[in-house]
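Just so it is clear, the model here is predicted, and its values are computed rather than measured.
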Amino acid sequence: MWRFIDCINPAGERPARPEDLQRFEETTGIYLPDDYCAFLLACAGGICRQTVSFDFSNGVWAGYVQDVGGLQEDPVYSLLHNWKSPPWPLRKDLLWIMNDHGGNPICLRLDEGNEGKLCFVDHELAPENNEWTLEEASADDWGYVLPLASSFTAFVSNLRRK
């Protein structure tokens with residue numbers, strides 16, 4: 001995880017403190033996975049200043065990490081802001097935590113049975129309205145919410161720097 005954190009420019013922001021995590025969870029009702037909490041306690045989020053590549057869960061190249069969320073005020077990198085007012089078509093059972101170089105959200109799934117898994121949302125294929133369900137969007141025949149990893153730790157361990 002430290003190699004990934006070293007790639008992120010926090011722009012002077014500080015990492016989250018335990019009370020920040022507690023406030024986020026109380027405000028949103030979202031209880032974050034332990035591995036992701038550990039990341040937030042070590043990293044404020046920011047722009048990924050190195051070329052860091054990631055793959056879909058089937059091993060096919062997916063893209064490069066660009067913006068990484070954190071518990072900070074800047075709305076570009078704010079988990080809370082992007083949960084309340086996502087600039088992409090997202091459901092409340094997805095928590096934006098970063099995006100790729102094309103602006104596609106990388107999210108933690110919050111839906112029952114999939115909590116803590118990471119997925120990629122192809123924002124160009126997702127409908128602009130909120131009349132879709134995560135179950136539909138994840139279906140093999142619909143295909144714009146795509147699996148990335150079983151956990152944040154698994155996602156980070158598969159990242160590659162150029």
Side-chain angles (χ1 to χ4, degrees), residues 1-11 30 32-40 42-72 74-83 85-162:
M1 184 176 345
W2 289 106
R3 287 186 180 141
F4 180 49
I5 292 171
D6 286 342
C7 297
I8 300 167
N9 180 356
I30 297 169
L32 301 169
D34 290 342
D35 60 345
Y36 187 60
C37 287
F39 171 77
L40 292 174
C43 183
I47 191 161
C48 191
R49 59 185 176 201
Q50 294 184 19
T51 304
V52 177
S53 182
F54 65 96
D55 298 333
F56 291 113
S57 63
N58 64 4
V60 173
W61 180 80
Y64 302 108
V65 174
Q66 181 168 319
D67 297 321
V68 180
L71 296 183
Q72 58 170 276
D74 185 332
V76 172
Y77 308 110
S78 169
L79 295 177
L80 184 59
H81 174 81
N82 286 299
W83 181 74
S85 303
W88 320 270
L90 289 183
R91 308 287 308 165
K92 288 296 183 190
D93 41 10
L94 294 173
L95 175 65
W96 171 87
I97 60 169
M98 64 184 77
N99 57 267
D100 76 349
H101 64 287
N104 295 297
I106 297 169
C107 300
L108 277 175
R109 290 189 65 157
L110 307 172
D111 56 316
E112 188 175 335
N114 291 301
E115 299 95 337
K117 293 180 180 179
L118 269 71
C119 65
F120 174 95
V121 180
D122 187 329
H123 74 285
E124 291 161 348
L125 296 179
E128 290 296 321
N129 62 36
N130 285 334
E131 296 176 11
W132 54 276
T133 68
L134 188 51
E135 184 179 35
E136 291 172 324
S138 301
D140 290 337
D141 61 341
W142 195 296
Y144 56 85
V145 175
L146 305 166
L148 288 176
S150 60
S151 68
F152 184 75
T153 299
F155 177 77
V156 170
S157 68
N158 289 319
L159 293 173
R160 296 177 312 280
R161 286 194 306 188
K162 278 194 168 185

Donor-acceptor pair, distance only, cut-off 3.5 Å: does the side chain of Lys117 make one with the backbone of Leu148?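 Between the backbone of Leu148 and the side chain of Lys117 there is no qualifying donor-acceptor contact (under 3.5 Å).
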Tell me whether Asn82 contacts the main-chain N or O of Pro75 through its side chain, where contact means a donor paired with an acceptor under 3.5 Å.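 Yes; judged by distance alone, with no hydrogens or angles, the pair exists.
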When rounded to the nearest 0.5 angstrom, what is the spacing between [atom1] in [X] and [atom2] in [Y]?
X: Ile47; Y: Gln66; atom1: CD1; atom2: CD; answer: 5.0 Å
X: Asn104; Y: Cys119; atom1: CG; atom2: SG; answer: 11.5 Å
X: Gln50; Y: Leu159; atom1: CD; atom2: CG; answer: 11.5 Å
X: Trp83; Y: Leu95; atom1: CH2; atom2: CG; answer: 9.0 Å
X: Ser150; Y: Phe155; atom1: OG; atom2: CZ; answer: 12.0 Å
X: Leu108; Y: Tyr36; atom1: CG; atom2: OH; answer: 6.0 Å

With sequence neighbours excluded, residues passing side chain to side chain contact (heavy atoms under 4.5 Å, CB included) with [X]:
X: Asp74; value: Gln72, Val76, Tyr77
X: Asp35; value: Pro33, Ser151, Phe152, Thr153
X: Cys37; value: Leu21, Glu25, Leu32
X: Thr51; value: Tyr64, Lys162

Considering all heavy atoms, the nearest [X]-[Y] contact:
X: Cys7; Y: Val52; result: SG-CG2, 3.8 Å
X: Gly69; Y: Leu40; result: O-CD2, 4.1 Å
X: Val121; Y: Cys107; result: CG2-SG, 4.2 Å

Is it the case that atom CG in Asp6 sees more than 12 heavy atoms from other parts of the structure closer than 6.0 Å?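 Yes, because the 6.0 Å sphere around CG of Asp6 holds more than 12 heavy atoms from other groups.
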Derivation and outcome, side chain to side chain contact (heavy atoms under 4.5 Å, CB included), residues Trp96 and Ile106: CA-CA 6 Å; Trp96 171 87; Ile106 297 169; over 6 Å; no
For Leu71 and Leu80, what are the C-alpha separation, side-chain angles and deciding distance, and is it a side chain to side chain contact (heavy atoms under 4.5 Å, CB included)? CA-CA 7 Å; Leu71 296 183; Leu80 184 59; 5.8 Å; no
Salt bridge (charged side-chain N to carboxylate O under 4.0 Å, His left out) with Asp55: which residues, sequence neighbours excluded?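 Residues passing salt bridge (charged side-chain N to carboxylate O under 4.0 Å, His left out) with Asp55: Arg160.
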If we only count heavy atoms from C-beta on, is the Leu118 to Arg109 side-chain gap below 4.5 Å?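 Of all side-chain heavy-atom pairs linking Arg109 with Leu118, none is under 4.5 Å.
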Who are the ring pair (Phe, Tyr, Trp, His ring centres under 6.0 Å) partners of Phe4, not counting sequence neighbours?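 Scan of Phe4 (ring pair (Phe, Tyr, Trp, His ring centres under 6.0 Å), adjacent residues dropped) gives Phe39.
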Would Asn58 and Leu146 count as a side chain to side chain contact (heavy atoms under 4.5 Å, CB included) here? Give the steps. CA-CA 10 Å; Asn58 64 4; Leu146 305 166; over 6 Å; no
